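Everything numeric here is computed off the predicted structure, so don't read it as measured data. Within every chain, numbering begins at 1; the chains are lettered A, B, ... in the order of the sequence lines, protein sequences first and strands thereafter.
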There are 2 protein chains.
Amino acid sequence: MDEIARTAGVGKDTLYRRWKSKETLVQHLLSELSAENAPIPDVEDPRYALFIFLQNIVRLNTRSDFGAILAGIVGESARNREMATAFHQFWAERRTIAAGLVRRVVGPGASDREIGQILDHVLGPIYYRLLLSGDPIDDEYLWDLIVALPWSTGETPDQEQPTEKELK
Amino acid sequence: MDEIARTAGVGKDTLYRRWKSKETLVQHLLSELSAENAPIPDVEDPRYALFIFLQNIVRLNTRSDFGAILAGIVGESARNREMATAFHQFWAERRTIAAGLVRRVVGPGASDREIGQILDHVLGPIYYRLLLSGDPIDDEYLWDLIVALPWSTGETPDQEQPTEKELK
DNA sequence: ACATTACCATACTGTCCCGTTTGGTAAGTG
DNA sequence: CACTTACCAAACGGGACAGTATGGTAATGT
């Protein structure tokens, strides 16, 4: 808090006038950063859109302080009940966003439960590597995740990956 | 620390005589608890063995303080470099154990990279729910994870799940 | 019997950090 | 000008926690 106020050139007073507690601030911060740095890609191909989305998530977690913040919240949620609920609510928001992308990939026939499972299959390994094992995540890994989606539409996807240039 | 000493009926003095710092204690604790509460199941059926293994992981994280400890370490690893390396090493150990179980499921033909990916597919969703989304994990969910293994041997597994009684 | 050692329990120190309070400053309003 | 409002900065209070120090107790060794 002190550091946030200092680096923001703002009084802690002002922070607490805008947000009721540290938890609400963090929750707002997570949603804001996520929406800004990992938005819904404006791409027509469903799989490619999902790929870019995942790529942005990885970039956000590895190239900025977001990953460290996230890890810190995980630890704090273990002891702080309010923080835990705020954290879970954040993930619920993010999941609905990602669910739209996934549904475009697997088709509208999938049930909510199926969509949820697919989300776990896509996001789980990513955050498992980011937060726990520490193994690196490259584009090929992300693409394999998408290709391996169990409920993918039957058409065999071409394994070719988009070049770095296309991402921008 | 105070709580550990108190619940253990031991003086904090003694704790610090046996372990140099809190970090070393926690590291020892992780390996010990994992090996003790999530061992390699002595079951002949590979999928069932993997199922029990995952079930023990979930139980360890939800029914004891292990989950909270784990989350705390995640947070601390974000700022403590030594803790991060020790943490990653812990996961490497655990992965090799789980890799043996997975290899029994998918057959000896799988490469190390494939095994690694499968491990991510199995463990990722579990820890994603445990640490991040907070969604509950029941036996059906675990079984679906195993059934969905992309490199499973061709035989279609029967969806029937083992009863609670068989677990002991 | 005496010294040493191991040990539990508790108190203590230093640190960190959330949230509040206070003092001082500048802008806007009547 | 008087008054309110918003704001930064710093200090403060309180609680949590890691690690150390101290006192007392029991066992062991000589």
What pairs of donor and acceptor atoms, side-chain ones from residues 95-103 of chain B against any protein atom, are under 3.5 angstrom apart with sequence neighbours left out?
{"residue": "B/Arg95", "atom": "NH1", "partner": "A/Tyr128", "partner atom": "OH", "Å": "3.4"}
{"residue": "B/Arg95", "atom": "NH1", "partner": "B/Asp120", "partner atom": "OD1", "Å": "2.8"}
{"residue": "B/Arg95", "atom": "NH2", "partner": "B/Gly116", "partner atom": "O", "Å": "3.2"}
{"residue": "B/Arg95", "atom": "NH2", "partner": "B/Asp120", "partner atom": "OD1", "Å": "3.3"}
{"residue": "B/Thr96", "atom": "OG1", "partner": "B/Glu93", "partner atom": "O", "Å": "2.5"}
{"residue": "B/Arg103", "atom": "NH2", "partner": "B/Ala110", "partner atom": "O", "Å": "3.1"}
{"residue": "B/Arg103", "atom": "NH2", "partner": "B/Asp112", "partner atom": "OD1", "Å": "3.1"}

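- Under the side-chain contact (heavy atoms from CB on, under 4.5 Å) criterion, B/Ala86 pairs with B/Gln27, not counting sequence neighbours.
- Residues from residues 13-26 of chain B placing a heavy atom under 4.0 Å of any atom in DNA chain C, listed by number, are B/Asp13, B/Thr14, B/Arg17.
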Could you pull out the protein-nucleic contacts involving nucleotides 13-16 of chain D (nitrogen or oxygen on both sides, under 3.5 Å)?
none

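- For A/Asp42, the side chain to side chain donor-acceptor pair (under 3.5 Å) criterion is met by no residue, not counting sequence neighbours.
- By the side chain to side chain donor-acceptor pair (under 3.5 Å) test, A/Asp13 pairs with A/Arg17, sequence neighbours left out.
- Using the six-membered ring where Trp is involved, B/Phe87 and B/Trp91 have ring planes that are perpendicular, over 60° apart on the 30 and 60° scheme.
- With sequence neighbours left out, A/Arg18 forms a side-chain contact (heavy atoms from CB on, under 4.5 Å) with A/Thr14.
- Residues satisfying the side chain to side chain donor-acceptor pair (under 3.5 Å) criterion with A/Asn56, sequence neighbours excluded, are A/Arg59.
- Pairs passing the ring pair (Phe, Tyr, Trp, His ring centres under 6.0 Å) check and including a residue from residues 19-45 of chain B, sequence neighbours excluded, read B/Trp19-B/His28.
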With a 3.5 Å cut-off and sequence neighbours excluded, list the donor-acceptor pairs that the side chains of residues 67-77 of chain A form with protein atoms.
{"residue": "A/Glu76", "atom": "OE1", "partner": "A/Lys22", "partner atom": "NZ", "Å": "2.9"}
{"residue": "A/Glu76", "atom": "OE2", "partner": "A/Lys22", "partner atom": "NZ", "Å": "3.2"}
{"residue": "A/Ser77", "atom": "OG", "partner": "A/Ile73", "partner atom": "O", "Å": "2.8"}

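- By the side chain to side chain donor-acceptor pair (under 3.5 Å) test, B/Ser34 is found to be paired with no residue, residues two or more places apart in sequence or in another chain being considered.
- Contacts between residues 1-12 of chain A and DNA chain C, counted as heavy-atom distances below 4.0 Å, involve A/Met1, A/Asp2, A/Lys12.
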